Amino acid sequence: MAHSTSWSVVVIGAGASGLAAASTLTQAGHDVVVLEARERIGGRLLSAPATPEGTLDLGATWFWDDERHVCTLLSGSGLGSFPQHTTGDAVYQDAGGVQRLAGNPIDARSNRFTASAASLTDALSAALPSGTLSLGTPVTAIRTTPSSLAVHTPSSVIEAEHVVLAVPPALALARIDFGGRLPADLVHVAEQTPVWMEPW
C-alpha cells in the first residue's frame, strides 16, 4: 500500500535547474523534496572519470557568457571555468568513429567547467539539507485535491502545496499523467519545444 507524505514544495528533476530551485526554496524557508527518476543527479550533465586527474564531460560540456544563471551558480558554488579552446579543427566521435571538421563550428565565446560539468550539480546537491533528495523516484501522476496537489510515485502519494517541474516539457508530458487538467495551449507549446540533448 502506498504511503503518504507532505511537503511545502515538490521539485521534479534533479538536474541543475531542479537542484538550483530546491536550493533557493530551501534558503527561503520552504520544506522541499526533490524527486529524481534516475539513480543519479545531474540531468543532462553527465561526467565520467577519464584519468586519475580528471573527468570527461559526456553530457553538456560548455556554456556561454550570456547564460547568467549558470555563471551565478558557478560563482555561488565556488567553482571555476575557463574559455573553450577554439583554434584548429573540431574533432568528435559518433557511431561511425572519430570525425574531424575543418575549422571550428563554435561561433561565439564559450566556457568549460574547470572540474567538470557535474561538479555544478554535485555542489548544489551537497548544499541541500539531508533527506531533501530522493533518487530512483519517478513521478507518475499529479492530481489536484481540495487542499493540495497529490504527486504520485510508484510507492507513495506525496501532498504538496506547490510543484516545480524541472524536466524537459515534452518528457513531463510523456511520463507524467496530469489527468487532462493542463490547458491545451500549454500542452501544444510543451510538445513543440525542442530540447537539446533530450535523451540524456
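Position 1 is the first residue of the sequence; numbering continues from there. Treat the numbers as computed from the prediction; the structure is a model and nothing was measured.
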query: Does His30 NE2 have over 12 foreign heavy atoms under 6.0 Å away?
result: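 Yes, NE2 of His30 has more than 12 neighbouring heavy atoms, counting only those of other groups under 6.0 Å.
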With no hydrogens and no angle check, is any side-chain donor or acceptor of [X] less than 3.5 Å from a backbone partner on [Y]?
| X | Y | result |
| --- | --- | --- |
| Ser119 | Ser116 | yes |
| Asp177 | Gly179 | yes |
| Thr55 | Ala115 | yes |
| Thr121 | Ala118 | yes |

Taking the side chain as every heavy atom from C-beta outward, state whether [X] and [Y] have any pair of such atoms under 4.5 Å apart.
| X | Y | result |
| --- | --- | --- |
| Thr114 | Leu79 | no |
| Val164 | Leu25 | yes |
| Cys71 | Phe63 | yes |
| Leu128 | Ser23 | yes |
| Ser81 | Phe113 | no |
| Ile142 | Val10 | no |

- request: Quick one: pull up CG in Leu133 and CD in Glu36 and give me the separation to the nearest 0.5 Å.
  value: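 That separation rounds to 8.0 Å.
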Heavy-atom pair of closest approach, residues [X] and [Y]:
| X | Y | answer |
| --- | --- | --- |
| His85 | Asn104 | O-ND2, 3.9 Å |
| Val167 | Gly13 | CG1-CA, 3.9 Å |
| Arg143 | Phe178 | NH1-C, 3.5 Å |
| Asp31 | Ser6 | OD2-O, 4.2 Å |

task: Go through the structure and list residues passing salt bridge (Lys or Arg N to Asp or Glu O under 4.0 Å) with Arg100, not counting sequence neighbours.
output: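 Asp89.
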query: Going through the distances and angles, do Thr61 and Arg112 end up as a side-chain contact (heavy atoms from CB on, under 4.5 Å)?
result: CA-CA 6 Å; Thr61 303; Arg112 298 284 298 268; 3.1 Å; yes
Trace of the side-chain contact (heavy atoms from CB on, under 4.5 Å) decision for Arg109 with Asp65: CA-CA 7 Å; Arg109 174 188 150 90; Asp65 289 338; 2.8 Å; yes
